[in-house]
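Report on the following structure.
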Amino acid sequence: QVQLVESGGGLVQAGGSLRLSCAASGRTFSTLVMAWFRQAPGKEREVVGATSRSGSSTYYLNSVKGRFTISRDNAKNTVYLQMNSLKPEDTAVYYCAAGTGTFSSATSYDYWGQGTQVTVSS
């Protein structure tokens, strides 16, 4: 089993920045692909960013490209999501996820954190 604990959400004004962190335990971190998903009220959950096991390859949702950066520190068993130039439409619950398949496939993710709220005010 993999346990994931997110932190770093909160309320920020449009144009501001937040950094989400997700600490993983229960399995060798470098064997896991990692991603951040989000779900806004009334909308489907969507993958925001994903990273390969080494961190050398990443994937981003089109609407966040150039604003969000996913990174990982395998020595600290932690994945991050740096969010810059935030917009009200980024408001959602953000979930950290881990899996053992292909990092760019949404179906690869079997383990989930509890979620952290990000609210962007206009």
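Please read all numbers here as calculations on a predicted model, not as lab measurements. Below, all heavy atoms of this structure are taken into account, side chains as well, without hydrogens, waters or symmetry copies.
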**OP:** List in chain and number order the residues that pass side-chain contact (heavy atoms from CB on, under 4.5 Å) with S25, two or more places apart in sequence or in another chain; answer none if no residue qualifies.
**Re:** Q3
**OP:** Give a yes or no answer on whether the side chain of R53 reaches the backbone of F103 with a donor-acceptor pair at less than 3.5 Å.
**Re:** no
**OP:** Before giving the answer on side-chain contact (heavy atoms from CB on, under 4.5 Å), spell out for I70 and V79 the whole-Å C-alpha distance, their side-chain angles and the decisive distance to 0.1 Å.
**Re:** CA-CA 7 Å; I70 188 171; V79 64; 3.9 Å; yes
Subject >> Hydrophobic cluster membership, V47 vs L81, 4.5 Å side-chain cutoff >> reply: no
**OP:** Compare every heavy atom of S30 with every heavy atom of N74, then report the nearest pair and how far apart it is.
**Re:** ND2-CB, 3.7 Å
Subject >> CG on L32 to OG1 on T51, rounded to 0.5 Å >> reply: 11.5 Å
Subject >> Minimal non-hydrogen separation, M34 against R72, with atom names >> reply: CG-NH1, 3.7 Å
**OP:** To the nearest 0.5 Å, tell me how far F68 CZ sits from L20 CG.
**Re:** 8.5 Å
**OP:** Apply side-chain contact (heavy atoms from CB on, under 4.5 Å) to V93 and list each qualifying residue two or more places apart in sequence or on a separate chain.
**Re:** Y95, Q117
Kindly list each side-chain donor-acceptor pair under 3.5 angstrom involving residues 11-19, sequence neighbours excluded, with atom names and distances?
unit_1 : atom_1 : unit_2 : atom_2 : d
S17    : OG     : N84    : OD1    : 2.9

Subject >> Trace of the side-chain contact (heavy atoms from CB on, under 4.5 Å) decision for W112 with C96 >> reply: CA-CA 6 Å; W112 297 86; C96 175; over 6 Å; no
Subject >> Hydrophobic cluster identity match, F29 and V33, side-chain contacts under 4.5 Å >> reply: no
**OP:** Only counting residues at least two apart or in another chain, list the ones meeting side-chain contact (heavy atoms from CB on, under 4.5 Å) with S122.
**Re:** P88
Original post:
Who passes side-chain contact (heavy atoms from CB on, under 4.5 Å) against S71, sequence neighbours left out?
Top reply: Y80
Original post:
Looking only at atom types and distance, does a side-chain atom of T91 sit under 3.5 Å from a main-chain N or O of V120, one as donor and one as acceptor?
Top reply: yes
**OP:** Using the ring-ring contact (aromatic ring centres under 6.0 Å, His included) rule, pick out the option among Y94, Y59, Y109 that qualifies with F37.
**Re:** Y109
Subject >> Listed once per pair and sorted, the salt bridge (Lys or Arg N to Asp or Glu O under 4.0 Å) pairs that draw on residues 85-101, sequence neighbours left out >> reply: R38-D90, R67-D90
Subject >> Heavy-atom pair with the smallest gap, counting every atom of V2 and R27 >> reply: CG2-CB, 3.8 Å
Original post:
S56 side chain to S54 main-chain N or O, any donor-acceptor pair under 3.5 Å?
Top reply: no
**OP:** Report yes or no: does S108 contribute a side-chain atom to a donor-acceptor pair with the main-chain N or O of T102 at less than 3.5 Å?
**Re:** yes
**OP:** Using modelled atom types only, decide if a donor and an acceptor are shared between the side chain of N77 and the backbone of G26 within a distance under 3.5 Å.
**Re:** no
